Amino acid sequence: MSLMTDVMPAAVILVAVAILIDLLVGDPRWLPHPVVIIGRMISSYERLWNRGTARQRQLSGAFLTVTVVGGVWLVSWLFLLVLARLHPGLALIAELWLLSTTLAIKGLGDAARAVAAPLNKGDLPAARKALAMIVGRDTQRLEEADITRGAVETVAENTVDGITAPLFFALIGGAPLALAYKAVNTLDSMVGYRNERFNDFGYASAKLDDVANWLPARLTTVCLWIAGVLLSMKRVKLRWQGALSATRQQAPRHPSPNAGWPEAMVANLLGVQLGGTNFYQGVASHRATLGTPHEALQVRHIETTVRLMHGAWLLFFLLMSVLMTGLAWV
């Protein structure tokens, strides 16, 4: 065993390298992405199994959840085991790649800046098009403030789904558990809706996603606040004083038990108001507002949110690494 692995668990080093790969490469379109494969699997099973009475739909939806999540973990574990038998180096390379696919650090930052760039030039049609790539809401008629709100909300919420929660599970159980989490997340995004089609069938998927994100969401919220304090020392205008207490009061207003925490924290740090009315295929959806509007949303808030995102995931990784290292010494 090397001096490095004596001091720090191998899982921490492995995940750190995967983070570096994601930051440098992101998700090249020419490489097959596991989430795309998982999504196709869910779509195929949903067409076959989402039928019958409400009770039957609930049971088949629960079976789908167990099948997909358990199947993804088992297949990825067996895949790495076979590669390890062939050559340990092959398994290492494969696990690093699989781990990097569960992270969206580069992708999330790039997507947010792709919205901000045309906004800075006053090109609303291009900004709306860029926002439509990362949100499900209608964007065709949005003005600058609502385009900015969409980008800020997306970065805040996906700091958990796309970065810190996968890091959490990767450090605990390597690529198989991180991919299993992505399966949970993908299930929720595809069938976890409260509508006529998915209310019963997607119930188990939505509840499992709530459980999986509960702790990462709250730890990330604290990390966002610490990042806000540190950025304030660099003269970034943030309202970190009182943000913790305000977030505790406001986060439960969000329909998701987890997404409201990072969104409320970002809103309070920026001193803006998030939430409100969105339109989905022409139908209005009203959400409770988060944060206090000390100032109007402006394009500069997108870049500040990206900086908060980077600070939060880095702090989260450091915190988890310290905990993992401490447990390894016990």
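Given the structure is predicted, the values throughout are model-derived calculations rather than measurements.
- Under the 3.5 Å distance criterion, with hydrogens and angles disregarded, no donor-acceptor pair is assigned to the side chains of Gln273 and His294.
- Side-chain contact check for Ser44 and Arg40: no donor-acceptor pair (N or O, by modelled atom type) lies under 3.5 Å.
- Nearest heavy atom pair, residue Thr148 against residue Gln298, reads CG2-O, 3.2 Å.
- Seen from the ring of Trp214, Arg218 counts as a face-on cation partner, given the 6.0 Å and 45° thresholds.
- Side-chain atoms of Phe169 and Lys182, non-hydrogen and from C-beta on, never get closer than 4.5 Å to each other.
- Here salt bridge (Lys or Arg N to Asp or Glu O under 4.0 Å) pairs that include residues 108-135, with residues two or more places apart or in two chains, are Lys106-Asp110, Arg113-Glu303, Arg128-Glu143.
- The side-chain heavy atoms of Ile21 and Leu99, taken from C-beta on, include no pair separated by under 4.5 Å.
- To the nearest 0.5 Å, atom CG of residue Leu119 and atom CD1 of residue Ile147 are 5.0 Å apart.
- Atom CG of Leu83 and atom NE2 of His87 lie 11.5 Å apart (nearest 0.5 Å).
- Contacts classified as side-chain hydrogen bond (donor to acceptor under 3.5 Å, both in side chains) and involving residues 193-203 (residues at least two apart or in different chains) are given here: Glu46-Arg197.
- The side-chain heavy atoms of Met265 and Leu269, taken from C-beta on, include a pair separated by under 4.5 Å.
- For the pair Arg57/Asn50, a side-chain contact is recorded, criterion being any heavy-atom separation below 4.5 Å from C-beta on.
- In this structure the side chain of Thr164 never reaches within 4.5 angstrom of the side chain of Cys223, judged on heavy atoms.
- Side-chain contact between Phe79 and Leu98 is present, with heavy atoms from C-beta onward closer than 4.5 Å.
- Donor-acceptor pairing under 3.5 Å is lacking for the side chains of Thr101 and His33.
- Met320 CE to Ile172 CD1: the interatomic distance, rounded to the nearest 0.5 Å, is 5.0 Å.
- At least one side-chain heavy atom of Phe317 sits less than 4.5 Å from a side-chain heavy atom of Ile19.
- Side chain to side chain, Thr220 and Thr159 fail the donor-acceptor criterion of an N or O pair below 3.5 Å.
- Using a 4.5 Å heavy-atom threshold, the side chains of Ser232 and Arg239 count as separate.
- The aromatic rings of Trp77 and Trp73 sit parallel to each other, their planes meeting at less than 30°, with 60° as the upper class boundary.
- Of the charged side-chain nitrogens involved, at least one lies within less than 4.0 Å of a carboxylate oxygen, so that Lys237 and Glu295 count as a salt-bridged pair.
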